[in-house]
Amino acid sequence: MRRPGTRPSHEPADYAGDYDHPGYGRMRITHGGHELRWSYRGMSETLAHRHYDTFELPEAAGRLLPD
């Protein structure tokens with residue numbers, strides 16, 4: 001359930017970096033301007049703040065997000 005009116009506990013730039021998953025491999029989060037951007041295997045998209053320290057990709061059913 002989304003909690004409206006919340007803020008992340010860190011500045012956006014603090015979330016930038018490379019994140020490794022044992023099954024999926026490495027994804028990258030970059031910070032530019034006032035947004036966070038996710039990139040993974042040639043796909044990228046701006047992340048939206050959901051609540052607290054949770055961010056999400058926009059729903060794009062049936063659409064890839066190529067660079």
Side-chain angles (χ1 to χ4, degrees):
M1 175 158 74
R2 185 181 298 248
R3 301 286 183 187
T6 64
R7 297 176 42 91
S9 62
H10 300 276
E11 294 298 318
D14 293 344
Y15 297 96
D18 292 338
Y19 295 86
D20 291 309
H21 183 277
Y24 294 110
R26 179 171 290 171
M27 69 171 203
R28 178 168 284 166
I29 304 296
T30 55
H31 175 255
H34 297 288
E35 67 182 25
L36 292 173
R37 188 160 190 87
W38 163 90
S39 60
Y40 173 73
R41 295 187 175 188
M43 299 178 287
S44 66
E45 187 62 72
T46 300
L47 291 169
H49 179 246
R50 180 172 173 83
H51 57 231
Y52 302 112
D53 291 327
T54 302
F55 298 84
E56 61 188 2
L57 292 168
E59 288 191 35
R63 185 184 118 216
L64 292 177
L65 309 166
D67 282 342

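Residue indices begin at 1 and follow the sequence shown. As the structure is a computational prediction, the values presented were derived from the model and not from experiment.
- Between the Thr6 side chain and the Tyr52 main chain, a donor and an acceptor come within less than 3.5 Å of each other.
- Within 6.0 Å of the CZ atom in Arg50, the count of heavy atoms belonging to other residues, nucleotides or ligands exceeds 12.
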Practice prompt. Using the side chain to side chain contact (heavy atoms under 4.5 Å, CB included) rule, take Phe55 and Trp38 through it: C-alpha gap first, then chi angles, then the decisive distance, then the call.
Written response: CA-CA 10 Å; Phe55 298 84; Trp38 163 90; over 6 Å; no
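- Here the closest non-hydrogen pair linking His21 and Gly23 is ND1-N, 2.9 Å.
- Interatomic distance, CG of Asp53 versus CZ of Arg7, reported as 11.5 Å (0.5 Å rounding).
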Worksheet item: Stepwise, does the side chain to side chain contact (heavy atoms under 4.5 Å, CB included) test hold for His31 with Asp14?
Response: CA-CA 9 Å; His31 175 255; Asp14 293 344; over 6 Å; no
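- In this structure, Glu45 CD and Leu57 CG are separated by 7.0 Å, a value rounded to the nearest 0.5 Å.
- More than 12 heavy atoms of other residues, nucleotides or ligands lie within 6.0 Å of CZ in Arg2, so this atom counts as buried by the packing criterion.
- The line from OG1 of Thr30 to CG of Leu47 is 8.5 Å long, rounded to the nearest 0.5 Å.
- In terms of heavy-atom proximity, His10 sits nearest to Tyr15 at N-OH, 3.5 Å.
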